[in-house]
There are 2 protein chains.
Amino acid sequence: MNPARPPGTTAPTGSTGRRKARWSTVEEIKDYIREHGLRPGDPLPTENELCEELGVSRSSVREAMRTLSSLDIVEVRHGHGSFVGGLSMSPLVSGLVFRGSLNRDGTFRTLREVVQVRIALDMAVAEELVSTYRGTTNEDLRELVGRMRRRSEAGETFVEEDGEFHRALLSQLDNTVVRQLVGAFWEVHTSVVPMLGIATSAEIATTVEAHGEMIDALEAGDVPAYHEAVLRHYAPLQHAIEQGLAETEDGTHD
Amino acid sequence: MNPARPPGTTAPTGSTGRRKARWSTVEEIKDYIREHGLRPGDPLPTENELCEELGVSRSSVREAMRTLSSLDIVEVRHGHGSFVGGLSMSPLVSGLVFRGSLNRDGTFRTLREVVQVRIALDMAVAEELVSTYRGTTNEDLRELVGRMRRRSEAGETFVEEDGEFHRALLSQLDNTVVRQLVGAFWEVHTSVVPMLGIATSAEIATTVEAHGEMIDALEAGDVPAYHEAVLRHYAPLQHAIEQGLAETEDGTHD
DNA sequence: TTGAATTTGTTCGTATGTATT
DNA sequence: TAATACATACGAACAAATTCA
């Protein structure tokens, strides 16, 4: 396709050997991690060492590292070094939050869809959670619910406690992908909600108490009751979302 | 360029006016998209124009664009220009496929967890699918099942037909996030499976017929039957995964 | 506390491949 | 085929953050 392009060899111009595309630099760094059996947190060679190892310039290595760090496959710490990343769902969060921030209508739609996904995942883990929590008592979780109730009654938000609750609830879950996915969608949820300026209705008490009902159901080993508690947990928010969507469709906002 | 410091920011440190980190260049490009009301597919300024607009160097813009393109927030077409990306779930796919490729054990575990997520999502959309398909006839979907059956009987794979089937099935789904998520996990699934070299068992016929049963259940408006068909659909693969996991734990492979 | 060494972050200049016209 | 516009790549030099003596 191209006139002078000797197969895979270097230096059409002498000094600079333009051997491979940047895309393949990304793949080569992935291969390096695989072939050296590195695990999350393990240190990577310095950028200069990678340049030698892969035979490309530092700029190319840097762009590849940017790509990999935005996917959480590597983690770069300024002035310190590069490490294998946590392989989390953070890129998913970035993308969805950005989508939600594009316009007011998109914010409501994204949030509605995200909530539906959260419900689906919460429902799906019910059996496994019940098998873990049946017959146990969980003072730490109930204490979190108490903190939520006090904050709610004081007219404050309780995002921190809510996150801690859901994180603790799933901490025993064996499925890493599901656990990270639930966490990611929780994060999208809490990032997008403030964009809407939803008035915290009196209904929010329902959400707080639903957390307690979730614990009750799990300890009692009652899957259907857990399902109902999950639905009640999201009901006030869903109500606010539908109300907001109706208002924007009326042209009340841009 | 150094002396002129246009907008409201102050010089952070003494000597040269290095105003913002690369991270904020990413955010500024996002802001540009938001503030100009751009939608997926719309063209972005050239890299040089963005350099002027944001007051940073080409390299910084390039690295930021790399980050954004790996998140599918922008799409770069070589020799043509940059455009707003499709906001898909492709970063999720990259990360999970990489995790699955790290070692043989991780491959099996990742696949098992991915299948569990697929099941959860398929279950969750049952109601909405039933309300869409109840009372309809779907020759196109049944034709796909027929193609799968013929290929399966000929000892061939039918990845293409399977993807087309699931894509078509969800095409009417109103929830974009769920649809993309299902597609993403299908992609991870089909990318990871070949790494295992699972022998295509005779059980694979069960999967083919389960596709047909899914259509039957949807057209009949029978949610529980759909749930059962979904489970049968995944059963042969789950069996193979558990078998593979048991073998690797025996130390048969590394 | 200071300061040197190490490593990543940013910028400029230049050269070259590639798609469109 | 030639010209243009643009993305891609390289490398040197300097800035900033972190660590450790």
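None of the values given here were measured: they were computed from a predicted structure. Labels below follow one simple rule: chain letters A, B, ... track the order of the sequence lines, proteins then strands, and each chain is numbered from 1.
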K.L.:
Could you check how far CZ of Arg62(A) sits from P of dG9(C), rounded to whole Å?
P.N.:
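These atoms are roughly 5 Å apart.
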K.L.:
Of the listed nucleotides (dT8(C), dG11(D), dT8(D)), which one gets closest to any side-chain atom of Ser82(A)?
P.N.:
dT8(C)
K.L.:
Quick one: is dT11(C) close enough that its OP1 or OP2 comes under 4.0 Å of any side-chain N or O from Arg58(B)?
P.N.:
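Checking Arg58(B) against dT11(C): no side-chain N or O falls below 4.0 Å of OP1 or OP2.
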K.L.:
Whole angstroms only, please: what is the CZ-C1' distance between Arg77(A) and dA16(D)?
P.N.:
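Value for this atom pair: 17 Å.
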K.L.:
Rounded to whole Å, please give me the gap between CD in Glu63(B) and P in dC12(C).
P.N.:
14 Å
K.L.:
Who are the salt bridge (charged side-chain N to carboxylate O under 4.0 Å, His left out) partners of Arg112(A), not counting sequence neighbours?
P.N.:
Glu242(A)
K.L.:
Return the value, rounded to whole Å, for the distance between atom CG of Leu50(A) and atom P of dT6(C).
P.N.:
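The distance from CG of Leu50(A) to P of dT6(C) comes to 18 Å, rounded to the nearest Å.
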K.L.:
For DNA chain C, determine which residues of residues 36-49 of chain A have any heavy atom closer than 4.0 angstrom to one of its atoms, and list them numerically.
P.N.:
Thr46(A), Glu47(A)
K.L.:
In whole angstrom, give the distance that lies between atom CG of Leu54(B) and atom P of dT10(C).
P.N.:
13 Å
K.L.:
Rounded to whole Å, how long is the line connecting atom CD of Glu28(B) with atom P of dT10(C)?
P.N.:
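About 12 Å, once rounded to whole Å.
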K.L.:
Does Phe158(B) have Arg147(B) sitting over its ring (NZ/CZ under 6.0 Å from centre, angle to axis within 45°)?
P.N.:
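Judged by the rule, Arg147(B) and Phe158(B) form no cation-pi pair.
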K.L.:
Over how many whole Å does the gap from Met65(B) atom CE to dA7(D) atom P extend?
P.N.:
8 Å
K.L.:
Heavy atoms, side chains only, cut-off 4.5 Å: are Leu102(A) and Ile33(B) in contact?
P.N.:
yes
K.L.:
Do Asn138(A) side-chain atoms and Leu141(A) backbone N/O form a donor-acceptor pair below 3.5 Å?
P.N.:
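Here the side-chain-to-backbone pair does not exist.
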K.L.:
Both His78(A) and Ser59(A) contact DNA chain C. Taking the nearest nucleotide for each, which residue is further toward the 5' end?
P.N.:
His78(A)
K.L.:
List the steps and the verdict of salt bridge (charged side-chain N to carboxylate O under 4.0 Å, His left out) for Arg39(B) and Asp42(B).
P.N.:
CA-CA 6 Å; Arg39(B) 331 188 96 244; Asp42(B) 289 349; over 6 Å; no
K.L.:
Suppose we screen for side chain to side chain contact (heavy atoms under 4.5 Å, CB included). Which residues come up paired with Thr107(A), at least two apart in sequence or across chains?
P.N.:
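With sequence neighbours excluded, Thr107(A) shows a side chain to side chain contact (heavy atoms under 4.5 Å, CB included) to Val192(A), Met195(A), Leu196(A), given in chain and number order.
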K.L.:
Give a yes/no answer on whether the side chain of Ser60(B) brings an N or O atom under 4.0 Å of OP1 or OP2 in dT11(C).
P.N.:
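Yes.
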K.L.:
Start at the 5' end of DNA chain D and walk down; is the nucleotide closest to Ser57(A) or to Gly79(A) reached first?
P.N.:
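Closest to the 5' end, via its nearest nucleotide, is Ser57(A).
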K.L.:
Quick one: do His166(B) and Asp122(B) satisfy side-chain hydrogen bond (donor to acceptor under 3.5 Å, both in side chains)? Show the steps, please.
P.N.:
CA-CA 10 Å; His166(B) 290 284; Asp122(B) 284 344; 5.2 Å; no
